[in-house]
Every structure is written in structure tokens, then in C-alpha cells.
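Remember, it's 1-based here, ligands and their atoms both numbered in the order they're listed.
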Amino acid sequence: MTSLRQFDPEETWLEKSVTLGGHRVQNRLYRAPLLECAGTNSETVETLIADLEPAAEAGAGMIQQGATIVREEGGCAAPGMTRVADPDFVETLGAVTDAVKQHGTSLAIQLEHGGLRSMEVWHDAYRRANPGLEQLAVSRPPWPLRMLDRLGILDVNPHVMSTAEVRELAADFGRAAARAVDAGYDMIHLSGANMGIIQQFLSPFYNRRDDEFGIDPTVGAGIRFPELVAEEIQNRAGDVPLLTKVPSEAAAPRILRPRLDDKTAVHTCQRLATAGYDAVVPVRCSVFWDMSIVRGEYPGRGWRDEAYRPGYVDAFGSRLRAAAVAAGNWVQSQQYDFEPGWNADLCRQVRQTVDIPVLIEGGIRERSQIDDLLGDAADMVGMARPFYAEPKLPARLLEADPDVAVVCNNCNNCAVPQAAGEAGVCRTPSVLERAGELRRQGAYDSES
Ligand SMILES: Cc1cc2nc3c(=O)[nH]c(=O)nc-3n(C[C@H](O)[C@H](O)[C@H](O)COP(=O)(O)O)c2cc1C
Ligand code: SF4
């Protein structure tokens with residue numbers, strides 16, 4: 001891996017370049033990972049180019065492709081995820097890297113395995129089509145998952161990994177990274193804070209192992225797995241810049257313990273920097289796949305729309321169960337209210353203690369907010385949902401006055417239909433109308 005402090009923390013304007021692990025990124029604005037629902041098929045390349053190239057054309061510094069799965073079977077957290085296990089398939093993604101990189105934008109791919117978050121745990125039709133699937137587990141699942149399993153709300157079928165199996169999984173991250181680098185990706189990004197397997201290793205809520213992959217008492221997190229993943233990537237993919245999201249589970253309801261708090265998240269970032277990670281993205285989340293990472297409104301329109309109902313019934317088993325999930329979603333929306341830049345104080349704490357760039361995302365919506373965060377809480381600033389509403393958003397934010405704000409209103413209507421296998425796009429007419437007006441006014445017509 002590359003050495004520390006190769007970037008200048010004093011140079012913090014949005015338009016200035018930044019160096020991540022020896023790789024120069026043309027400016028400090030990035031598109032955070034968002035499910036592209038591109039699948040693993042003959043249309044994947046076309047879908048990914050359609051999703052990602054507009055942000056590059058509009059001048060984004062970096063694009064982080066949404067989570068892709070490192071194995072051929074199991075581990076998908078949602079419908080339509082792309083697998084990066086087949087070398088011939090990954091080679092075809094070279095067309096995606098070419099399309100993005102021709103505009104000067106750097107492209108990272110996010111690697112993931114769902115573990116206990118895998119789709120068959122919650123998706124009824126998928127489970128019936130793929131019977132007998134087991135989920136890779138770090139340890140015996142925590143009691144809330146076992147309880148939901150007994151109540152028939154989830155269907156958990158865990159396979160607790162042996163030490164050798166954990167090593168093999170880390171090697172699979174390395175192999176996937178090598179294939180991605182061969183296909184032209186500039187950086188590897190790990191899905192460390194989406195309640196997937198990396199978070200499950202880090203978190204004391206999931207990790208009760210007593211081998212080398214258990215909780216390291218000097219950190220308070222299961223740090224050895226991401227350390228080994230870094231080693232595997234270095235050995236198999238060479239000196240490619242490596243980024244990861246790092247979770248603080250501080251947002252989880254109090255009853256869910258033990259969990260990673262902010263202090264442990266800061267220590268984790270320090271250890272990962274020492275282990276050769278080139279940038280970290282500290283993220284406040286929960287221990288489950290809830291709305292803590294996508295704070296905003298209850299997506300009433302997304303749930304009510306008749307067009308998605310059959311998909312919800314497929315996913316949750318019946319109309320009644322879909323209604324129960326919607327009710328749970330409403331409760332979460334009260335708990336995880338939108339807060340501008342909700343990870344800022346966590347990122348600031350991390351930035352004061354590490355020598356690598358800190359990336360911030362989560363509720364960043366205005367140019368003035370970006371200018372305040374850069375050089376204080378973070379070295380790069382990212383957004384996710386606003387790119388669904390405005391695929392060419394960088395054209396409006398770069399070289400912009402402080403009053404410029406995104407059109408996305410955090411309604412989350414884009415997120416819920418994805419459970420029904422629908423594509424990742426903005427689904428709120430008033431917001432799309434506003435983006436259309438801006439397009440007609442030429443707001444997205446910048447040169448790349
Ligand atoms: C539909 C959807 C899909 C997402 N997919 C991913 C993903 O694949 N990997 C990941 O790390 N984060 C994912 N996220 C989280 C975003 O990267 C981001 O952290 C979050 O949406 C907060 O940023 P925002 O307020 O700008 O949307 C996803 C978010 C949404 C709404
Ligand atoms: S549906 Fe549109 S406005 Fe609502 S959160 Fe998604 S992108 Fe933003």
C-alpha cells in the first residue's frame with residue numbers, strides 16, 4: 001500500500017485536486033456509492049455507463065460505483081447487485097472504466113459481501129427461488145436476529161466461518177480487487193458500513209469470535225479481517241489506492257448492545273490507516289439495515305404506488321407483511337430524522353487523528369456547507385441520493401456560488417422500490433420537474 005500524508009491537508013477548496021494513495025483526483029467532489037441495479041448480465045455495462053458517465057461528464061472528481069459482490073454465489077444484499085467473481089464478466093467492465101475515465105474522473109469500485117445481511121434472509125421470492133442458502137456468519141447471530149427468525153419475520157440460516165474460511169473470504173476480496181484493477185478501476189472501496197460482512201467483523205454486536213478475527217481489545221473492533229483484506233488486495237492487485245467506509249453504530253437504539261461507538265470508530269480509522277488504507281469514510285449507522293444511513297422522510301409515495309405493490313409482495317411475502325415493513329419504515333423515519341451533514345462531527349474527530357484523507361457523506365446538500373466542511377471535517381465531500389435526481393450535479397456545484405443547493409428533498413421515494421427490484425432513479429415528480437427546468441436553463445451544460 002501507499003505511504004501516509006501524500007496529500008496536502010491545507011489545500012481544501014472543492015475545485016483543487018487531492019491525492020489518494022498516490023493517485024491524483026481532479027477535485028474533491030465525489031458521487032457516493034448508490035445501488036445501480038445493473039445486475040450481472042449482458043446489459044450491465046450499458047446500465048452502469050448510463051448511470052455513472054453523466055457525473056463524470058459533469059466534472060466529478062471521483063465516482064464510487066455501488067456495492068458489488070466478491071463471490072459467484074450468495075452475499076447479495078438487494079436485488080440487481082453486480083457480482084465481480086467471473087473474470088470474463090469483469091473484463092467487460094473495462095468499457096465502463098473507459099467511459100468514466102475519458103472525462104478525467106477517477107473511478108472506484110466498492111467490494112462487498114452481505115453475510116447475515118444477504119437477500120434470502122428478508123426477500124421471500126428470492127429465498128423460494130434459491131432454497132437452502134446459508135449465510136456466511138462471523139459468529140452465532142445476535143439475539144434480535146434469532147428472535148426475528150423465530151417469529152418468521154426473517155429467515156436466518158447461518159454458517160459460522162472457520163478461521164480458514166475467513167482467510168478464504170479475505171482472499172476473495174483480493175481476487176475481486178485484482179480483476180477490477182485489470183478492468184481499469186483506479187481505486188478499491190470497501191463496503192465497511194452497510195451492515196455487510198466487514199461491519200459484521202468490526203462490530204462487537206456480531207463478532208464474538210475467539211480466534212485472531214475476534215474483537216481486538218486494544219481497538220474495541222474486529223480489526224484483523226479488514227487488515228487481512230488490505231494485505232490480500234496488496235498481494236493480488238498491487239499498489240492500488242484502498243478506501244473503506246468505517247462504521248460508528250452510535251445511532252442504533254440503546255437496547256442493541258454491545259456496539260461500535262464513535263470512539264471505537266476513531267480508533268478503527270487509526271488502525272486502518274496504519275494497515276495501509278489510503279482514505280476512510282466514517283459513517284454513523286446502526287447495527288441493522290435501517291434508515292440510519294439514508295436519513296430523511298418516510299417514503300409514502302414509494303410505498304403507496306400500485307406499480308411496485310407486486311414487487312413488495314414478492315419481497316415480503318404478502319400484502320400484510322409489506323404493510324408491516326412499511327410501518328417499521330415509518331417508525332425509523334421518526335428516529336432517523338434528516339440532519340444536514342450528519343457525519344460531520346465524527347469525521348472531524350477522525351481527521352484530527354489520521355494522516356490520510358477523510359471523506360464525508362450523508363446529508364450534504366449545499367455548496368456553502370461543502371466549503372465549510374472541507375479542511376475542517378473532511379478532505380473530500382460526497383453525495384448519493386442527489387445524484388439520482390441530478391445525474392450531472394457536479395456541473396452545478398463546481399465553480400458555483402455559495403447559494404447553490406441540490407434539488408433532492410430526502411423523501412427516500414427512490415430507495416424503497418429497490419426492494420421490489422426497481423431501478424435506482426429519482427421517483428418524485430416535483431423534484432424531477434425542478435431538475436428538468438434547470439436542464440432547460442443549461443445548468444448542467446459544463447465542459448468536462
Ligand atoms: C438507494 C441507495 C443505495 C445505496 N447503496 C450503497 C452502496 O451500494 N454502498 C454504500 O456504501 N452505500 C450505499 N448507500 C449509502 C450512500 O452511499 C450514502 O452514504 C447515503 O445515501 C447518505 O448520503 P446522501 O444523504 O447524500 O444520500 C446507498 C444509499 C441509497 C439511498
Ligand atoms: S426520490 Fe428523488 S428527491 Fe427523493 S430522495 Fe430520492 S433522489 Fe432525492
Subject >> Protein heavy atom at shortest distance from atom 2 (Fe) of ligand 2 >> reply: Cys426 SG, 2.4 Å
Subject >> 4.0 Å heavy-atom contact, Pro386 with ligand 1 >> reply: yes
Original post:
Given Gln199 and Glu249, is the side chain to side chain donor-acceptor pair (under 3.5 Å) satisfied, shown in steps?
Top reply: CA-CA 10 Å; Gln199 183 175 346; Glu249 295 165 339; 2.9 Å; yes
Original post:
Any salt bridge between Arg24 and Asp186, counting N to O under 4.0 Å?
Top reply: no
**OP:** Could you establish whether Trp342 and ligand 1 come within less than 4.0 Å of each other, counting only heavy atoms on the residue side?
**Re:** yes
Original post:
So, do Leu145 and Pro142 sit near enough that their side-chain heavy atoms are less than 4.5 Å apart?
Top reply: yes
Subject >> Residue part near ligand 1, for Leu34, under 4.0 Å between non-hydrogen atoms >> reply: both
**OP:** Run the contact test for Cys414 against ligand 1 with a 4.0 Å cut-off on heavy atoms, strictly below, and give the result.
**Re:** no
Subject >> Whether over 12 other heavy atoms sit under 6.0 Å from Trp289 CH2 >> reply: yes
Original post:
So Trp122 and Phe316, would you call those rings parallel, tilted or perpendicular, with 30° and 60° as cut-offs?
Top reply: tilted
Original post:
Taking distance alone, with no angle check, do Gln110 and ligand 1 share an N/O pair under 3.5 Å?
Top reply: yes
Original post:
Looking at Ile293, which atoms of ligand 1 are within less than 4.0 Å of one of its heavy atoms?
Top reply: 20 (C), 21 (O), 22 (C)
Original post:
What's the shortest distance from atom 7 (S) of ligand 2 to any protein heavy atom, and which residue and atom give it?
Top reply: Arg385 O, 3.4 Å
Original post:
Is any N or O atom of Ala415, backbone or side chain, closer than 3.5 Å to an N or O atom of ligand 1?
Top reply: no
Original post:
Considering distance alone, does some N or O of Ala32 sit under 3.5 Å from an N or O of ligand 1?
Top reply: no
**OP:** Run down the list Gly424, Cys414, Cys408 and name the one with the heavy atom closest to atom 8 (Fe) of ligand 2.
**Re:** Cys408
Original post:
Can you tell if the side chain of Asn329 reaches within under 4.5 Å of the side chain of Met291, non-hydrogen atoms only?
Top reply: yes
Original post:
Under 4.0 Å from any heavy atom of Val294, which atoms of ligand 1 are there?
Top reply: 21 (O), 29 (C), 30 (C), 31 (C)
**OP:** Measure the shortest side-chain to side-chain distance between Pro247 and Leu202 over non-hydrogen atoms and say whether it is less than 4.5 angstrom.
**Re:** yes
**OP:** Give the atoms of ligand 1, by number and element, whose distance to some non-hydrogen atom of Tyr388 is under 4.0 Å.
**Re:** 1 (C)
Original post:
For ligand 2, which atoms sit closer than 4.0 Å to a heavy atom of Tyr388?
Top reply: 7 (S)
**OP:** Answer yes or no: does atom CD of Glu46 have more than 12 heavy-atom neighbours from other residues, nucleotides or ligands under 6.0 Å?
**Re:** no
Original post:
Among Met383, Gln64, Arg365, Lys245, which residue places a heavy atom closest to atom 24 (P) of ligand 1?
Top reply: Arg365
Original post:
CD1/Ile197 to OG/Ser191 distance, rounded to the nearest 0.5 angstrom?
Top reply: 11.0 Å
Subject >> Proximal ligand 2 atoms for Thr428, defined as those under 4.0 Å from one of its heavy atoms >> reply: 1 (S), 4 (Fe)
Subject >> Residue, atom name and distance, where the atom is the protein heavy atom closest to atom 27 (O) of ligand 1 >> reply: Arg385 NE, 2.8 Å
Original post:
Among all protein non-hydrogen atoms, which one is nearest to atom 5 (N) of ligand 1, and what is the separation to 0.1 Å?
Top reply: Leu35 N, 3.3 Å
Original post:
Which heavy atom of the protein is the closest neighbour of atom 26 (O) of ligand 1, given with residue, atom name and distance?
Top reply: Ala384 N, 2.9 Å
Original post:
Looking at atom 10 (C) of ligand 1, what's its closest protein heavy atom, distance included?
Top reply: Asn194 ND2, 3.0 Å
Original post:
For ligand 1, which atoms have a heavy atom of Gly363 less than 4.0 angstrom away?
Top reply: 24 (P), 25 (O)
Original post:
Are any of the N/O atoms in Ile364 less than 3.5 Å from those in ligand 1?
Top reply: no
Original post:
Any donor-acceptor pair under 3.5 Å linking the side chain of Gln26 with the backbone of Ala60?
Top reply: yes
**OP:** Indicate yes or no: at least one non-hydrogen side-chain atom of Met380 is less than 4.5 angstrom from one of Pro357.
**Re:** no
Original post:
Nearest to atom 3 (S) of ligand 2, what protein heavy atom do you find, and at what distance?
Top reply: Asn409 OD1, 3.3 Å
**OP:** Taking only Lys NZ, Arg NE, NH1 and NH2, and the carboxylate oxygens of Asp or Glu, determine whether Glu231 and Arg236 approach each other closer than 4.0 Å.
**Re:** no
Subject >> Side-chain ion pair, Arg175 and Asp172, N-O less than 4.0 Å >> reply: yes
Original post:
In the protein, what heavy atom is nearest to atom 19 (O) of ligand 1, and what distance, to one decimal place, separates them?
Top reply: Glu361 OE2, 2.8 Å
Original post:
Any idea which protein heavy atom is nearest atom 1 (C) of ligand 1, and the distance to it?
Top reply: Gln418 OE1, 3.4 Å
Original post:
Does any N, O or S atom of Cys411, backbone or side chain, fall under 2.8 Å from atom 4 (Fe) of ligand 2?
Top reply: yes
**OP:** Heavy-atom distances under 4.0 Å are what count here, so tell me which part of Val431 touches ligand 2: side chain, backbone, both or neither.
**Re:** side chain
Subject >> Sub-6.0 Å ring centroid separation between Tyr30 and Phe387 >> reply: no
**OP:** Measure the shortest side-chain to side-chain distance between Cys347 and Val358 over non-hydrogen atoms and say whether it is less than 4.5 angstrom.
**Re:** yes
Original post:
Counting from 1, what ligand 2 atoms have a heavy atom of Arg427 closer than 4.0 Å?
Top reply: 1 (S)
**OP:** May I ask you to test the Val425-Tyr388 pair for a side-chain heavy-atom distance under 4.5 Å?
**Re:** no
**OP:** Pull out every atom of ligand 2 sitting under 4.0 Å from any heavy atom of Asn412, numbered as shown with elements.
**Re:** 4 (Fe), 5 (S)
Original post:
What's the shortest distance from atom 13 (C) of ligand 1 to any protein heavy atom, and which residue and atom give it?
Top reply: Pro33 O, 3.1 Å
Subject >> Taking atom 8 (O) of ligand 1 as the reference point, the nearest protein heavy atom with its distance >> reply: Ala67 N, 3.0 Å
Subject >> Those atoms of ligand 1 less than 4.0 Å from some heavy atom in Gly362 >> reply: 22 (C), 23 (O), 25 (O)
Subject >> Side chain proximity check, Trp303 to Val325, heavy atoms < 4.5 angstrom >> reply: yes
Original post:
Just wondering, do Leu242 and Val240 contact through their side chains at under 4.5 Å, heavy atoms?
Top reply: no
